[in-house]
Amino acid sequence: MDFRAIMSRQRRDPLALAIRCATRIASYPYGAVVRLRNRRYDRGKAPIGRADVPVISVGNITTGGTGKSPMVAWIARLLRDEGLRVALISRGYGAAAGMVNDEALELEERLPDVPHVQNPDRVQAAAVVVEELETEVILLDDGFQHRRLHRDLDIVLIDATCPFGYQALLPRGLLREPLSSLKRADVVVLTRSDAVSDDQRDQIQKTVSRYATNATWVSSVHAPSRLRSFGNDDQPLETIANQEVLVFSAIGNPSAFSQTVRQCGAKIVAEKQFPDHHRYNRNDIETLIAWAGRYPTATSFVCTHKDLVKLKADRLGRLPLFAICIDMQITEGEEALRKQILSIARR
């Protein structure tokens, strides 16, 4: 079921209306719990742990993919280029017992020289990377809602294609907390800014500025850079240009990924979506192979980097499998962002 179509009111059938009513009711107790929790931290009634080094958080205010991994990689490279020892810590959402999740696997390929510790207790994880790895700067991935660990810089990402989660809290919309929480942000980064018009970008910025009055404003785009197959074999994007492809993904914003595939010049003949952070099994692979059998003109499968690191295959049945690697490109506010990050990191 396409819940985004229901949340956005694209679907207006009786079932969609009933789901919207039920989830609206459910969002009230959720919102009450979130507000109470934030109030406890704001008033100092909930304990906040501190690391012995600067902590930079990258997070969002909505669920779904806003581009945290490319942003984290961009910041990590900036810090490493300055000669600073940086480590990533995250909760590890969606990871199987004793394993790391898809985001960690992707970041390991992007940043093989940057350690990544996953632990639901991120205060404990911070202590580990400082004491055992001699870390000088901590990057807290998906940390905006994790207020138990003090951060020195809060960077919040907003996806231009769905900036405010349909203006409703979970489960009615995609907001993890009210927009008023943006007052905690030090930096707001608009991702996929090229996917909307100038007027839409201006309206998003005006809405953000009502809450994050002193935050640095940054715009960015997700730029596809290359194709990757299993084994880190990179190929140019032109490989799929003008080719008919089958697209699948297990991410929070699949429509944005499909737009990226089209941006590369490929012709999408069919798409398949799996739940966010889905762990592929043998049945899924067989389903994909059978699905491809219905499209004899398709020349390849295309997925995200996060999907590829879980599938660990260079082809599915008769078709090769490619992932599109995405890099973050800052289009507005890069110098201010660099100065702010390095000022915090060098303390």
Side-chain angles (χ1 to χ4, degrees), residues 1-42 46 57-68 91 93-94 101 103 120 141-147 154-185 188-193 195-196 200-201 203-212 215 249-259 271-278:
M1 185 178 294
D2 186 356
F3 281 100
R4 284 179 177 259
I6 296 173
M7 292 176 180
S8 65
R9 297 179 180 271
Q10 291 177 3
R11 279 186 53 180
R12 296 179 176 272
D13 55 276
L15 176 60
L17 177 61
I19 292 174
R20 281 196 292 270
C21 290
T23 53
R24 172 69 70 182
I25 293 170
S27 70
Y28 294 135
Y30 172 84
V33 171
V34 168
R35 290 182 177 90
L36 176 61
R37 177 178 179 273
N38 279 334
R39 193 177 301 122
R40 285 177 51 80
Y41 281 109
D42 293 339
S57 168
V58 177
N60 51 25
I61 199 166
T62 61
T63 62
T66 56
K68 290 190 300 296
R91 177 180 180 271
Y93 178 80
N101 68 357
E103 291 171 345
D141 186 19
D142 196 16
F144 191 57
Q145 285 75 37
H146 187 79
R147 300 189 63 182
D154 247 322
I155 301 174
V156 177
L157 274 54
I158 291 180
D159 181 358
T161 65
C162 186
F164 307 120
Y166 308 116
Q167 306 287 343
L169 290 169
L170 290 166
R172 170 60 186 85
L174 297 177
L175 283 174
R176 299 166 79 172
E177 50 185 314
L179 288 179
S180 58
S181 296
L182 286 171
K183 65 185 179 184
R184 305 198 310 269
V188 176
V189 180
L190 183 68
T191 64
R192 301 187 178 100
S193 63
V196 297
Q200 289 173 302
R201 285 194 294 272
Q203 188 56 53
I204 294 170
Q205 186 173 3
K206 287 178 182 178
T207 301
V208 169
S209 65
R210 290 205 297 266
Y211 305 101
S249 62
I251 56 175
N253 192 346
S255 60
F257 176 64
S258 298
Q259 185 175 341
E271 302 177 54
K272 187 177 288 290
Q273 300 169 8
F274 294 88
D276 194 12
H277 296 289
H278 179 72

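This structure is a prediction, so every number in the text was calculated from the model and none was measured. Worth knowing before you read on, the calculation uses all heavy atoms, side chains too, and leaves out hydrogens, waters and symmetry mates.
- For the pair Q200 (side chain) and S193 (backbone), a donor-acceptor distance under 3.5 Å is absent.
- With hydrogens and angles ignored, the 3.5 Å screen pairs a side-chain donor or acceptor of T191 with a backbone N or O of T66.
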Go through the steps to decide whether R4 and S255 satisfy the test side chain to side chain contact (heavy atoms under 4.5 Å, CB included), and finish with yes or no.
CA-CA 10 Å; R4 284 179 177 259; S255 60; 5.5 Å; no

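- Note that CG of L36 and OH of Y41 are 11.5 Å apart. Values are rounded to the nearest 0.5 Å.
- Between R147 and D42 there is a salt bridge, since at least one side-chain N of the basic residue sits less than 4.0 Å from a carboxylate O of the acidic one.
- For the pair A185 and A215, the tightest heavy-atom approach, listed with the atom from each and the gap, is O-CB, 3.6 Å.
- Separation of atoms CG (L174) and CZ (F3) is listed at 11.5 Å; rounding is to 0.5 Å.
- Smallest separation of non-hydrogen atoms from P178 and L169: N-CD2, 3.6 Å.
- Partners of S180 by side chain to side chain donor-acceptor pair (under 3.5 Å), not counting sequence neighbours: none found.
- Applying the salt bridge (charged side-chain N to carboxylate O under 4.0 Å, His left out) rule to pairs touching residues 12-33 yields R11-D13, sequence neighbours excluded.
- Note that CD of Q167 and SG of C162 are 9.0 Å apart. Values are rounded to the nearest 0.5 Å.
- Of all non-hydrogen atoms in S181 and F144, the two that sit nearest each other are O-CZ, 3.3 Å.
- Taking every heavy atom of both residues into account, A5 and S8 meet most closely at O-OG, 3.4 Å.
- The side chain to side chain donor-acceptor pair (under 3.5 Å) check on D159 picks up T161, R192, N253, with sequence neighbours excluded.
- Atom CD1 in I155 sits 8.0 Å away from atom OG in S57 (nearest 0.5 Å).
- Put simply, CD1 on I251 and CD on Q273 are 8.5 Å apart, with the number rounded to the nearest 0.5 Å.
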Is there a side chain to side chain contact (heavy atoms under 4.5 Å, CB included) between D141 and K68 once you walk through the steps?
CA-CA 7 Å; D141 186 19; K68 290 190 300 296; 4.0 Å; yes

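- Contact of the N60 side chain with the R176 side chain is registered, since non-hydrogen atoms from C-beta on lie closer than 4.5 Å.
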Evaluation steps, side chain to side chain contact (heavy atoms under 4.5 Å, CB included), between I204 and F164
CA-CA 9 Å; I204 294 170; F164 307 120; 3.9 Å; yes

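- The shortest non-hydrogen separation linking T62 to G165 is CG2-N, 3.8 Å.
- Between P275 and A250, the shortest heavy-atom contact is O-CB, 3.3 Å.
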Pair E177, R184 - check side chain to side chain contact (heavy atoms under 4.5 Å, CB included), show working.
CA-CA 12 Å; E177 50 185 314; R184 305 198 310 269; 3.1 Å; yes

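- In this structure, OH in Y30 is found 13.5 Å from OG1 in T23, a value given to the nearest 0.5 Å.
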